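Following: one structure in structure tokens, then a few remarks.
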Amino acid sequence: MPLSTHAAPFARLALANITREYPNFPAHLITSPDEHLAPRSLHPAFYGAYDWHSSVHMHWLLVRLLRRHGGTPALPDTEQAVAVLDRHLTPGNLAVEAAYLRDRPSFERPYGWAWLLALAAECRALPGEAGARWAAALEPAVSAVDGLLADWLPKATYPVRHGNHPNSAFALGLALDSAELSAATDRAVRERLLTWFGDDRDAPAHWEPSGQDFLSPALSEADAVRRVLSKETFAAWLDRFLPALRSDAPCPLLDVPVVSDHADPQIGHLLGLTLSRAAALRSLADALPDGPVRARLGKAADAHLAAGLPAVERGDFTTDHWLATFAALALDPVGGR
């Protein structure tokens with residue numbers, strides 16, 4: 001199913017959310033009674049969509065849709081999208097965002113960092129003057145994230161493996177796909193992924209999912225390792241990491257999660273899990289040679305996508321502010337396949 005089928009409703013969701021200041025859940029440490037805490041004061045570019053990382057990746061979604069379908073009947077709101085992005089992605093606004101990141105080295109680490117890099121890459125890839133303008137405005141924030149990553153990676157002795165925002169594998173894989181990192185930081189990311197995960201085997205797939213995952217720890221790890229190994233080496237690594245795939249034994253990672261309450265903000269994370277799993281399963285399948293493992297992963301990816309897509313636009317802010325991004329990842333992955 002192509003992204004074009006969903007371009008117009010996804011764009012409407014992105015526009016509605018990145019311009020919606022409230023409700024808002026700021027991850028802000030208050031250090032003085034004199035601080036201005038209104039979302040627009042703290043984050044003049046990324047004040048909407050409930051929280052900072054969702055605002056960033058819903059901006060990414062909008063630029064992604066412009067790049068794929070701007071000016072076509074699939075995306076009739078092109079002019080409105082450009083106007084909103086022009087208001088948000090200005091040098092002044094992004095200078096404030098960059099300073100905020102530098103002043104708070106653990107803010108949105110590493111998930112929000114990775115999405116900001118992805119946004120910058122999408123702007124740079126958008127043909128025309130608008131994309132170049134937005135990419136140039138984002139450069140100070142990209143530089144801040146590059147420096148923060150470079151400082152953090154040597155201290156990150158252990159990865160975060162659970163299926164929420166701090167997950168190390170998902171964020172670093174997304175950062176690599178962006179190609180926005182300096183050569184030294186890119187090399188450090190690759191080395192850290194291999195140090196963390198290169199010798200892993202027999203992943204506890206039966207532990208998944210946890211009750212509020214929107215990422216699969218095992219599949220996020222495998223998808224990150226896919227990015228740093230040759231195809232031949234990766235296929236052997238995956239056999240060790242998830243031996244059930246080769247043996248045709250049951251593997252819970254391939255089963256669509258049960259979501260008992262779509263409106264519960266935490267249980268509803270499992271809707272995102274269906275879509276992030278779909279993206280990871282398809283990317284892993286495409287990295288393997290033809291055969292039963294590839295076919296099994298592809299079939300599971302299709303099942304997860306079919307289960308997750310109907311929940312993307314429900315009129316419920318708990319999912320509407322973020323879920324379309326993960327649908328876009330499943331339909332049209334960031335780094336290609």
Side-chain angles (χ1 to χ4, degrees), residues 2-21 24 39-40 43-91 93-94 97 108 111-139 141-142 145 174 177-178 180 272 275-276 279 309 312-315 317 319-336:
L3 180 59
S4 59
T5 305
H6 304 277
F10 284 8
R12 287 194 296 270
L13 279 174
L15 284 166
N17 280 288
I18 66 175
T19 57
R20 182 174 179 172
E21 188 168 5
N24 199 287
R40 285 178 191 259
H43 299 295
F46 305 124
Y47 61 83
Y50 188 68
D51 47 35
W52 193 87
H53 53 260
S54 297
S55 183
V56 173
H57 66 62
M58 290 295 266
H59 279 78
W60 169 87
L61 174 61
L62 198 55
V63 180
R64 182 73 159 187
L65 294 170
L66 285 173
R67 181 157 80 91
R68 293 297 200 222
H69 306 295
T72 73
L75 192 65
D77 298 326
T78 296
E79 290 185 5
Q80 183 185 2
V82 171
V84 169
L85 291 165
D86 267 338
R87 290 201 301 271
H88 288 192
L89 303 182
T90 68
N93 286 349
L94 288 159
E97 300 285 2
E108 292 285 355
Y111 181 78
W113 295 357
W115 276 115
L116 188 135
L117 295 173
L119 170 60
E122 205 61 40
C123 292
R124 201 175 305 284
L126 177 68
E129 190 271 336
R133 181 170 65 249
W134 302 332
L138 279 157
E139 284 177 2
V142 168
V145 167
L174 195 61
D177 283 346
S178 76
E180 289 289 320
L275 295 167
S276 67
L309 273 178
V312 170
E313 189 176 13
R314 299 174 51 248
F317 187 59
T319 52
D320 282 0
H321 79 274
W322 68 281
L323 205 54
T325 301
F326 284 85
L329 286 180
L331 291 164
D332 186 26
V334 168

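Counting begins at 1 with the first residue of the sequence. All values reported here derive from a predicted model rather than from experimental measurement.
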Checklist outcome for this item: His321 and Ser54 have their tightest heavy-atom pair at CD2-OG, 3.4 Å
Item to check | Closest heavy-atom pair and its distance - Ala120, Ala135 | outcome: O-CB, 4.3 Å
Checklist entry - Donor-acceptor pair, His69 side chain versus Leu65 backbone, under 3.5 Å? => result no
Checklist entry - Is Asp320 reaching over with its side chain to a backbone N or O of Leu13, donor-acceptor style, under 3.5 angstrom? => result no
Next on the checklist: Could you check whether any side-chain N or O of Ser55 sits under 3.5 Å from a backbone N or O of Asp51, counting only pairs where one atom can act as donor and the other as acceptor?
Outcome noted: no
Item to check | Asn24 side chain vs Pro39 backbone, donor-acceptor pair below 3.5 Å | outcome: no
Next on the checklist: My understanding is that only residues two or more places apart in sequence, or in another chain, count here; which of them pass side chain to side chain donor-acceptor pair (under 3.5 Å) with Arg124?
Outcome noted: Glu180
Checklist entry - Got a donor-acceptor contact below 3.5 angstrom from the Arg64 side chain to the Asp332 backbone? => result yes
Next on the checklist: Determine whether a donor-acceptor pair (N or O, by modelled atom type, separation under 3.5 Å) exists between the side chain of Glu21 and the backbone of Arg40.
Outcome noted: yes
Checklist entry - Residues two or more places apart in sequence or in another chain: which of them pass ring pair (Phe, Tyr, Trp, His ring centres under 6.0 Å) with His53? => result Tyr111, His165
Item to check | Closest approach of Pro9 to Glu313 (non-hydrogen atoms, all atoms of both residues) | outcome: CB-OE1, 3.2 Å
Checklist outcome for this item: With sequence neighbours left out, the residues meeting side-chain contact (heavy atoms from CB on, under 4.5 Å) with Pro76 are Ala8
Checklist outcome for this item: Taken to the nearest 0.5 Å, the spacing of Thr19 OG1 from Arg87 CZ works out to 7.5 Å
Checklist entry - Is there a side-chain contact (heavy atoms from CB on, under 4.5 Å) between Phe317 and Arg20 once you walk through the steps? => result CA-CA 10 Å; Phe317 187 59; Arg20 182 174 179 172; 3.4 Å; yes
Checklist outcome for this item: When Trp115, Trp113, Trp322, Phe46 are each screened for ring pair (Phe, Tyr, Trp, His ring centres under 6.0 Å) with His57, the one that passes is Trp115
Next on the checklist: Quick check: do Leu119 and Leu138 have side-chain heavy atoms less than 4.5 Å from each other?
Outcome noted: yes
Checklist entry - Any side-chain heavy atom of Thr319 sitting closer than 4.5 Å to one from Val312? => result no
Checklist entry - How many angstroms lie between CE in Met58 and CD1 in Ile18, if you round to the nearest 0.5 Å? => result 8.0 Å
Next on the checklist: Show, in sequence, the C-alpha distance, side-chain angles and deciding distance for Phe10 and Thr325, and conclude whether the side-chain contact (heavy atoms from CB on, under 4.5 Å) test is met.
Outcome noted: CA-CA 8 Å; Phe10 284 8; Thr325 301; over 6 Å; no
Item to check | Centroid separation Tyr47 to His43 less than 6.0 Å | outcome: no
Checklist entry - Do Trp60 and Leu117 have side chains that get closer than 4.5 Å, going by heavy atoms? => result no
Next on the checklist: Just so I know, are the side chains of Leu126 and Trp134 near enough to count as touching, which here means a heavy-atom distance under 4.5 Å?
Outcome noted: yes
Checklist entry - Closest approach of Ala327 and Leu309, non-hydrogen atoms and distance? => result CB-CD2, 3.9 Å
Next on the checklist: Can you tell me which residue among Leu66, Leu62, Val63 is in a side chain to side chain contact (heavy atoms under 4.5 Å, CB included) with Val82?
Outcome noted: Leu66
Checklist entry - Can you find a pair of side-chain heavy atoms, one from Leu116 and one from Trp52, that are under 4.5 Å apart? => result yes
Item to check | Minimum-distance pair of heavy atoms, taken over all atoms of Arg67 and Ala125 | outcome: CD-O, 3.3 Å
Next on the checklist: Any heavy-atom pair between the side chains of Cys123 and Leu89 that's under 4.5 Å?
Outcome noted: yes
Item to check | His59 side chain reached by His88 side chain, heavy atoms, under 4.5 Å | outcome: yes
Checklist outcome for this item: Of all heavy-atom pairs linking Pro44 and Asn93, the shortest is CB-OD1, 3.4 Å
Next on the checklist: Between Glu97 (side chain only) and Ala45 (backbone N and O only), is there a donor and an acceptor less than 3.5 Å apart?
Outcome noted: yes
Next on the checklist: Taking the side chain as everything from C-beta on, heavy atoms only, tell me whether Leu331 gets closer than 4.5 Å to Pro2.
Outcome noted: no
